[in-house]
K.L.:
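Would you mind keeping the following structure in view while I ask a few things?
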2 protein chains.
Amino acid sequence: MSNNTDFDLRDFLPYALNQAAEATSLAFQKQYRQRYGMLRTEWRVLFHLGRYGAMTAKEICDRASLHKTKVSRAVRALEQKRFLTRAPQETDRRHEALALTKQGEVVFRELYEAARAYDTALASRFTPQERDVLRRCLQKIAEM
Amino acid sequence: MSNNTDFDLRDFLPYALNQAAEATSLAFQKQYRQRYGMLRTEWRVLFHLGRYGAMTAKEICDRASLHKTKVSRAVRALEQKRFLTRAPQETDRRHEALALTKQGEVVFRELYEAARAYDTALASRFTPQERDVLRRCLQKIAEM
DNA sequence: TGTTGTTAGTTACAAAACCAACTAATATCC
DNA sequence: GGATATTAGTTGGTTTTGTAACTAACAACA
């Protein structure tokens, strides 16, 4: 009301980022949610295992900046769906190597392709320069 | 493993957007959460009323793309904190005009300044061109 | 050896979000 | 006028998330 500047909600970066993030997340969610009843964290865990190979829950936490409870629950859910298996390690029984099953691999590959297609479609709306700036900015903001 | 392309999680826009959005949201959250025990939706509703003046819950839903149940609960919370009041309209008793109280105005002004400062600090890490591209891209993505 | 500390992962409880059904007021149209 | 539809907003119940406390395995070091 009595504000003399023109700082608007849409100018507020956390808001703008959230709106954009939500729009894309909701759009892509259909891929894994409708088909496989997966949650976002499950999809991320699946992605990590599919893309980078077997690893422990801890490694997934670190790489994806996910909290260990989230990962723990996602792993259990994926296990129940028969998308991954656990293999306790001999050297240190606290660790368990998580690996996708055949079925998990198939699902991963499908979603991976869907993700790439979605990303390509989204990116095609911008020039190469814009894409570059956008990615660099997001990267920089994320690693604060 | 057997992927021949180099499409990475960090290349996936929904992921990159989410990471950035979460980082900034969590960082700014301190401002309204610690000081006033407010939730994000409450902060958004407060912002709308403070920045654009009195309006109904419906209008806030539309402008902020928030679901009505979220707004309904945020309004009640803000009311209990004595930050806003409801005034049922004579012409249509379904509508209630929501307006900030004196106290609500004070809180808004403080958070508004904090938001502007936060945004300025964040934006200062980029060149004017980058800022411009970033905002335009986010805008475009959000309005899909 | 045994005490203390650290790490990986789970569980339990509380907070928050989501969705669907609901109430109350108004609009429509016969 | 009265049945039906629509709209604003609320409530209830389920799902999901967040937080903190917990277990189990290992490490360090006296």
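Lettering follows sequence order; numbering is per chain, from 1.
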K.L.:
Evaluate the criterion salt bridge (Lys or Arg N to Asp or Glu O under 4.0 Å) for residue pair A/Lys81 and A/Glu42; output intermediate values, then yes/no.
P.N.:
CA-CA 11 Å; A/Lys81 291 186 180 77; A/Glu42 292 171 48; 2.7 Å; yes
K.L.:
From D/dA25, C/dT10, D/dA8, pick the nucleotide closest to the side chain of B/His95?
P.N.:
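For B/His95, the side-chain atoms sit closest to D/dA8.
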K.L.:
Is there a side-chain polar atom (N or O) of B/Ser72 under 4.0 Å from OP1 or OP2 of D/dT10?
P.N.:
yes
K.L.:
Quick one, A/Asp119 with A/Arg135, criterion salt bridge (Lys or Arg N to Asp or Glu O under 4.0 Å). Give me CA distance, side-chain angles, the key distance, then yes/no.
P.N.:
CA-CA 12 Å; A/Asp119 200 74; A/Arg135 292 201 198 275; 3.1 Å; yes
K.L.:
Rounded to the nearest angstrom, tell me the gap between atom NZ in B/Lys70 and atom C1' in D/dT10.
P.N.:
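From B/Lys70 NZ to D/dT10 C1': 17 Å.
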K.L.:
So does B/Phe126 get a backbone contact from the side chain of B/Arg131, meaning a donor-acceptor N/O pair under 3.5 Å?
P.N.:
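Yes, because the side chain of B/Arg131 sits within donor-acceptor range (under 3.5 Å) of the backbone of B/Phe126.
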K.L.:
Are OP1 or OP2 of C/dA12 and a side-chain N or O of A/Arg73 less than 4.0 angstrom apart?
P.N.:
no
K.L.:
In terms of the nearest nucleotide of DNA chain D, which residue is placed more toward the 5' end: B/Leu98 or A/Asp92?
P.N.:
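Mapping each residue to its closest nucleotide by heavy atoms, the 5'-most match is B/Leu98.
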K.L.:
When we call it a touch if two heavy atoms are under 4.0 Å apart, what does B/Thr69 touch: a base, just sugar-phosphate, or nothing?
P.N.:
base
K.L.:
Please give, in whole Å, the distance from C/dT10 P to A/Leu66 CG?
P.N.:
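Rounding to the nearest Å, CG of A/Leu66 and P of C/dT10 are 14 Å apart.
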K.L.:
Within this structure, what is the NE2-to-P distance between B/His67 and D/dT15, rounded to whole angstrom?
P.N.:
18 Å
K.L.:
Measuring to OP1 and OP2 of D/dT17, would you say a side-chain N or O of B/Arg40 lies under 4.0 angstrom away?
P.N.:
no
K.L.:
Rounded to the nearest Å, what distance is computed from the CZ atom of residue B/Arg76 to the P atom of nucleotide C/dA17?
P.N.:
13 Å
K.L.:
Can you find a donor-acceptor pair, distance only, under 3.5 Å between B/Arg93 side chain and D/dG9 base?
P.N.:
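Flag unset: no donor-acceptor pair detected.
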K.L.:
Looking at the rings of A/Trp43 and A/Tyr36, which for Trp means the six-membered one, are their centres under 6.0 Å apart?
P.N.:
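A/Trp43 vs A/Tyr36: aromatic centres not under 6.0 Å.
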K.L.:
According to a strict under-4.0 Å criterion, is B/Lys58 in side-chain N/O contact with OP1 or OP2 of D/dA8?
P.N.:
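Yes, within the criterion.
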K.L.:
Indicate whether the side chain of B/Thr85 and that of B/Glu79 have a donor and an acceptor atom separated by less than 3.5 Å.
P.N.:
no
K.L.:
Are OP1 or OP2 of D/dT16 and a side-chain N or O of A/Arg33 less than 4.0 angstrom apart?
P.N.:
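Answer is yes, contact under 4.0 Å.
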K.L.:
Tell me: NZ of A/Lys68 to P of C/dT11, nearest whole Å?
P.N.:
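After rounding, the gap between these two atoms is 13 Å.
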K.L.:
Whole-Å distance between D/dT16 P and A/Leu26 CG?
P.N.:
14 Å
K.L.:
Can you tell me how far P of D/dA24 sits from CD of A/Glu96, to the nearest Å?
P.N.:
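Answer to the nearest Å: 14 Å.
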K.L.:
Between B/Met55 (CE) and D/dA8 (C1'), how many Å, whole number?
P.N.:
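Distance check: B/Met55 CE to D/dA8 C1' gives 16 Å.
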K.L.:
Would you mind telling me which of D/dT7, D/dG9, C/dG9 lies closest to the side-chain atoms of B/Arg94?
P.N.:
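Side chain of B/Arg94 sits closest to D/dT7.
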